[in-house]
Amino acid sequence: MENPSSSLLSGLNPEQLAAVTWPPAPALVLAGAGSGKTRVLTTRIAWLLQSGQASIHSVLAVTFTNKAAKEMQLRLGAMLPIPVRAMWLGTFHGLCHRFLRLHYRDAGLPAAFQILDSGDQLSLIKRLLKSLNIPDESIAPRSLQGFINAQKEAGLRAGSLDAPDPHTQRLIECYAAYDALCNQEGVVDFAELMLRSYELLQANAALRSHYQNRFKHILVDEFQDTNKLQYAWLKLLAGEHAAVFAVGDDDQSIYRFRGAHVGNMAALMREFAIDEPIKLEQNYRSDGHILTAANALIAHNNGRLGKNLRTDADAGEKIRLLQAISDNEEAQFVVDEARALQREGWDLAQMAVLYRSNAQSRILEQALFRAGIPYKIYGGLRFYERQEIKHALAYLRLAVNPHDDNALLRVINFPTRGIGTRTVENLQATASAEGVSLWQAACSTGGKQAKVAAFVRLIEALQSHIGSSNLAETMLAVVHDSGLMAHYQNQKGEHQERIDNLNELINAAVAFKPLESNFEVLPENAATDPAWPILAFLSNAALESGEHQALAGEAALQLMTIHAAKGLEFNAVFLTGLEEGLFPSEYSLAERDGLEEERRLMYVAITRARKRLYISMAQQRLLHGQTHFGVVSRFVDEIPAAVLHHLSPASGSLVAQQHSSQRSNPFHSRSPAAQTPEKAQNYAGFTLGQNVRHAKFGTGVIIDAVNKGDSAKLTVNFGKNGIKVLDTAAAKLSPL
DNA sequence: TTCAGAGTGGTTTTT
DNA sequence: CCACTCTGAA
């Protein structure tokens, strides 16, 4: 009989197999672009569960984006019949949120605490600065926001900071005032979700040991993107015993500007005594020339952990390089080539146009629009960030947590109900004089002001709705009773989209699956508090506002920044705007190691392409209303000339002669069939997944076995000592 | 209170 | 160039 793990593990290359079946000890997997990183991560979880080494209770798996988390859930669910949603599998912020909902009391938070997204955070900061009489030119709201987030991401509270200069001193004071205000209003920003969780684990020994004992396996995706706080949180959760299994690629670290700390990879190796990372260097995505270019480019960086991608694919086509006279010509080139490829049978949805900054998209858009080529731009305004949606949610937030001043200010006069700046200022004065929230001030002065009183009654009506109806009915009431829907319906002009969005929000409330299935143990307020479904819905909206739903529909050319393209792949990629100053960006050159980060970005861009890669630049470009004259980016010079094919825009047909016949993707793993775990079979006294010790190779884990009469042939992964096949008749193996 | 016109500033982005 | 914020008049 075939052993149960074989179907799970079949099709893995030796490196992947070594990673998937690594014994329960800390490991760092250096996974190059297109090397099957997600597959390794999910297969390892499945293997740990199937071989009985772990239960879904003892695994924690963390990613950065909701997209990645969903992908893992999906794949895992396809491999094993398990209640995936109850697992601690999610984003850093999502898991911390779950933790804080469970332990809100210990964390010092109200049961109805709300999450601030970055827009909410910024408006709260503006309000704070105004109340402190600090003018914008003294401290810009955005810079304070950056300061606060950076401190939190480094795990630092205002009280523990020292000021090297008077300006920083002011910033620190504002930080302290900001935290106080958030506490007063019962709101937490994204970074606070992490920091509060970390501090709670650190301060509460009982809680800490509970979770440390619970999580035997901690798996981390995109580890190179973790910031210092996230790393500290992981370390605290891991305690002395958990097997931290981190997957990442230092060459794809492109988020330093928001706190990512590549140094965490070296720190992990040092602090968890990992001798050597496991390297996944076999690339299953790109043709040879493309990979050659990527390897050569990234070799210009210093301080890499060291990794070189290889492929079994053919060299494929050379990279096509165009120096256009102008940005218009560059855009026209993209249009012509995309059309030509489409005529050859390439799928439009499998082509992408990438650029360094969003500002570059406009001219491409115009050209595509004129040519009638369908396209889809990623990275626009997200659903939950649209103003009509934020307004509706603010009514809801106010209903569950009336002390949320941010929410009150957003909707007290929207739609306009005659409560102007003057009235609001009076409320703010009353509130700060009496040390109460705006809501309380509105309630107490409402008697004198009919308009304010009407607003108070509106919110109270919504509150009573919560007690008597379900989420969907409450949402319906919010959208209509607030006057929002009527407001957009009565306005002439372009408001149909907003109306559609509000209806879509009601649909989302109807379809919302309560978070209950995300908890094995429910928070204490979940069963008793009628507002719980609303809290769940609002949290979900804040944490998952980033999901750009891939629109199913007509095939469209994909336009996005290089950052947004990370993790994606396309048959053909147009990499545009390769000019000094633009890419690498002027900004980056001033920063320490900024150029290296830009080069990693270029590396990410190149490795998105499977079959065909175009690189283009414009000698003349209109930026901020001014014409810039650019020279070719140094990154182009760092690609070996042997893999480049220069195109000349004057030569008529730009499409090179070769036709690519392999459109279907010959590689790519078959997804292993769903597999029910079978009863552990006995192999000469051993079972799959069992940990064993060998005199010479140390401790390892059994990943495969075949019975052979009285003895058995065991395949054992000894971690850094490799994978060995041992005969129980000869080898001295003892159970651990 | 509201709306329209002047002014300003402008990487990358997830949660 | 364009999108967003602020200021002044109706």
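In the text below, chain A, chain B and the rest are named by the order of the sequence lines, each starting its count at 1.
For A:Phe257 and B:dT12, the ring-to-base geometry satisfies the stacking test (centroid distance below 5.5 Å, interplanar angle below 30°).
When heavy atoms are screened at a 4.0 angstrom cut-off, A:Glu153 is found touching no nucleic acid atom at all. Using a 4.0 Å heavy-atom distance criterion, A:Thr423 is classed as a sugar-phosphate-only contact. Using a 4.0 Å heavy-atom cutoff across all strands shown, A:Ile419 reaches sugar-phosphate atoms only and no base atom. No engagement by A:Gln121 is indicated, since no non-hydrogen atom pair under 4.0 Å with the nucleic acid exists. Looking at heavy-atom distances under 4.0 Å, A:Thr416 makes contact with sugar-phosphate atoms alone, never a base. Nucleic acid contact class of A:Phe64 (heavy atoms, under 4.0 Å, all strands): sugar-phosphate only.
Ring centroids of A:Tyr211 and A:His103 are separated by less than 6.0 Å, placing the two rings close together.
Taking side-chain N and O atoms only, A:Arg362 has a distance below 4.0 Å to OP1 or OP2 of C:dA3. Contact annotation: A:Thr561 side-chain N/O to B:dT13 OP1/OP2 distance is under 4.0 Å. Listed pair A:Asn358 / B:dT13 meets the phosphate criterion, a side-chain N or O lying under 4.0 Å from OP1 or OP2. Distances shown here put every side-chain N or O of A:Asn227 at or beyond 4.0 Å from the OP1 or OP2 atom of B:dT15.
Comparing B:dG10, B:dT15, B:dT11 by their closest approach to the side chain of A:Ser588 singles out B:dT11. Here the side chain of A:Arg258 is nearest to one of B:dT15, B:dT13, B:dT12, namely B:dT13. Of the candidate nucleotides C:dT5, B:dT2, B:dG10, C:dT5 has the atom lying nearest to any side-chain atom of A:Lys126.
In this structure, A:Lys451 is not positioned above the aromatic face of A:Phe455 in the sense of NZ or CZ being under 6.0 Å from the six-membered ring centre and within 45° of the axis. Figure legend: cation-pi geometry between A:Arg196 and A:Phe113 absent, as NZ or CZ is not positioned both under 6.0 Å from the six-membered ring centre and within 45° of its axis. In this structure, A:Arg258 is positioned above the aromatic face of A:Tyr255, its NZ or CZ under 6.0 Å from the six-membered ring centre and within 45° of the axis.
Under 4.0 Å is where a charged nitrogen must lie from a carboxylate oxygen, and between A:Glu544 and A:Lys70 at least one such pair does. Look at A:Lys390 and A:Asp117 and you find a salt bridge, because one of the NZ, NE, NH1 or NH2 atoms lies within 4.0 Å of a carboxylate O, short of that distance. Taking the charged nitrogens against the carboxylate oxygens, A:Asp179 and A:Lys152 do have a contact shorter than 4.0 Å, which makes a salt bridge.
A:Asp225 places its CG atom 18 Å from the P atom of B:dT12, with the value rounded to the nearest Å. The separation between A:Leu122 atom CG and B:dT15 atom C1' is 16 Å, rounded to whole Å. Straight-line distance from the NE2 atom of A:His563 to the C1' atom of B:dT13: 7 Å, rounded to whole Å. Distance A:Asn540 CG to B:dT15 P: 12 Å, rounded to the nearest Å. Between the P atom of B:dT13 and the CD atom of A:Gln224 lies a distance of 17 Å, rounded to the nearest Å. A:Ile377 has its CD1 atom 16 Å from the C1' atom of B:dT12, to the nearest Å. Atom-to-atom, CG of A:Leu589 to P of B:dT11 comes out at 16 Å; the value is rounded to the nearest Å. Taking atom CG of A:Leu354 as the reference point, atom P of B:dT12 lies 15 Å away to the nearest angstrom.
When the C1' atom is compared between B:dT11 and C:dC6, the two are found 25 Å apart, to the nearest whole Å. As rounded to the nearest Å, C:dC4 and B:dT13 have P atoms that lie 16 Å from one another.
Map A:Thr91 and A:Glu597 each onto its nearest nucleotide of DNA chain B; the residue landing nearer the 5' end is A:Glu597.
For A:Ser118 against B:dT15, a side-chain-to-base donor-acceptor contact under 3.5 Å is present. In this model, no side-chain donor or acceptor of A:Arg356 finds a partner on the base of B:dT11 within 3.5 Å.
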